Amino acid sequence: MKVGPGGRILIGMLAGVVLGAVLGERVAAIQPLGDLFITLLVLVAAPLVFFNLLAGLTSLADLRTLGRLAGKTVGFFLTTELVALSLGLGAMALLRPGAGLRLTETVTETAPETVSGAVGEAPSAADVLLDMIPTNVVRAFAEGNVVQIVILALMLGIATMALGDGPRARLATLFEDLAGLFRRLVHMVLWVAPVGIGALVAVTVGRYGADLIGPTARFLAGVWGAQIVIVTGYMLLLRFFSDYRPARFLRATGSLWATTAATTSSLASLSVGLETAGRLDLPRRVYSFVLPLGAQLNKDGTSVMLAAVLLFTAQAAGVTFSPADFVTILLLGMLLSHGTGGVPGGGFVVALIYVQALNLPIEVAAIVGGIYRLVDMSNTTVNIMGDMVGAALVARSEARRA
Ligand code: ASP
């Protein structure tokens, strides 16, 4: 029997679960195999995004189409994020995991995994917007800043459209060929996916298998519960407002969810997302725009977690919020969720900034660091699923106009 790429990844994951369960924490020795996979994916992400988007843009009819695409995309991102934050708050209000914590004990008992000394400040809206503009072409690529790369590609795409017919056609062919080259590279990287994903799964099982008890378990149940509600919402949106039936969509995108959960990086998963969207036959001019922007800006899974960490901390500290506070909480959450950088653990640092900005004890929030990898797996998966669903919805509404 011939096993397809999805089947090979599944076998890799199962082998990882067994290895992790048998070897426990010793399995950490194979972490470099997982890191190699992530590194290769991140390596191809920046040029892939850049040339895919340029190739997609030069096939657009005019600037008005681009403006419409951008409007729909950002509208979808903002709406779903607001829903996600509210769901995160709702889940914690329901389960109240923080109320069971006795502050002094837990804070000293639980060693947080990744709290850094300097947590930083919450940025202003102007900072967030200005940071989207690259000050230097090379730096945007060197830092792998996807939003800046998207803005650069947009500017160059618009400039290309304004050129005369000859150079425009030549550049369009060049962009198309280069996009094809980097897509080919992704296919090659995906050959090592079963081993890379298997190694990452093994390390997670080995490290966290025994960790799931007490308030953190309830916290996790709340976050996962709210995220399942969001995924159900996505499936309903797909069912009624796209050309994809949920079952077909999930079947065709399985390898992508294995990648998001194993790498816990939106940035690393972007290359696989673009490849998957191509296989789903989504129009390139739509997905090459929606997916990279979403990977950096649309963070529904992370938003659930941010709201949940905040309320969890407030419950443990015995703080209650007024209705006006909730407006601040939602607005700040929307602003902050964009700052995760699409890297493993990125959302955790942001959660600490969020908690600090609202004057809550950061040490309590840091407890979540102990199990953050488990939260990050679902965060990243829901983050990317939101982008894919957004692309499918925008594609359908664009097709309707045609
Ligand atoms: N790692 C996640 C991402 O890449 C963000 C998070 O930590 O929530 O999207």
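What's counted below: heavy atoms across the whole structure, side chains too, no hydrogens, waters or symmetry copies. Computed from a predicted model, the values in this text were never measured in an experiment. For ligands, and for the atoms within them, numbers begin at 1 and follow the listed sequence.
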(request) Could you tell me whether a side-chain N or O of Asp376 sits under 3.5 Å from a main-chain N or O of Pro344, the two making a donor and an acceptor? (result) no
(request) Answer yes or no: is there a donor N or O on one side and an acceptor on the other, between the side chain of Thr380 and the main chain of Met377, under 3.5 Å? (result) no
(message) Around atom CZ of Phe241, are there more than 12 heavy atoms from other residues, nucleotides or ligands closer than 6.0 Å?
(response) no
(message) When you compare ligand 1 with Ser265, is there at least one nitrogen or oxygen pair between them that comes in under 3.5 angstrom?
(response) no
(message) Do Phe249 and Val389 have side chains that approach each other closer than 4.5 Å (heavy atoms only, starting at C-beta)?
(response) yes
(request) Below 4.0 angstrom from a heavy atom of Gly342, which ligand 1 atoms are there? Numbered from 1 as shown, please. (result) 3 (C), 4 (O)
(message) Give the atom numbers and elements of ligand 1 that come within less than 4.0 Å of a heavy atom of Thr264.
(response) 1 (N), 4 (O)
(message) I'd like to check which ligand 1 atoms, numbered from 1 as shown, lie under 4.0 Å from a non-hydrogen atom of Tyr372.
(response) 6 (C), 7 (O), 8 (O)
(message) Phe348 versus ligand 1: do any nitrogen or oxygen atoms come within less than 3.5 Å of each other?
(response) no
(request) Please answer whether the main-chain N or O of Asp300 pairs with a side-chain N or O of Asn383 as donor and acceptor at a distance below 3.5 Å. (result) yes
(message) Is there a polar contact, in the sense of an N or O pair closer than 3.5 Å, between Val343 and ligand 1?
(response) yes
(request) Give the residue and atom name of whichever protein heavy atom lies nearest to atom 3 (C) of ligand 1, and the separation in Å to one decimal. (result) Ser266 OG, 3.1 Å
(message) Any side-chain to backbone donor/acceptor pair from Tyr354 onto Val309? Under 3.5 Å, distance only.
(response) no
(request) Indicate yes or no: does an N/O atom of Leu267 lie under 3.5 Å from an N/O atom of ligand 1? (result) no
(request) Could you tell me the residue and atom name of the protein heavy atom closest to atom 8 (O) of ligand 1, and the distance to it rounded to 0.1 Å? (result) Thr302 OG1, 2.7 Å
(request) Identify the residue among Thr232, Asn379, Thr381 that makes a side chain to side chain donor-acceptor pair (under 3.5 Å) with Gln227. (result) Asn379
(request) Decide yes or no for Val150 and Gln296: does some side-chain heavy atom of the first lie under 4.5 Å from some side-chain heavy atom of the second? (result) no
(request) Starting from atom 1 (N) of ligand 1, locate the nearest protein heavy atom and write down its residue, its atom name and how far away it is, to 0.1 Å. (result) Asp376 OD1, 2.7 Å
(message) Which of the numbered atoms in ligand 1 are under 4.0 angstrom from any heavy atom belonging to Gly346?
(response) 7 (O)
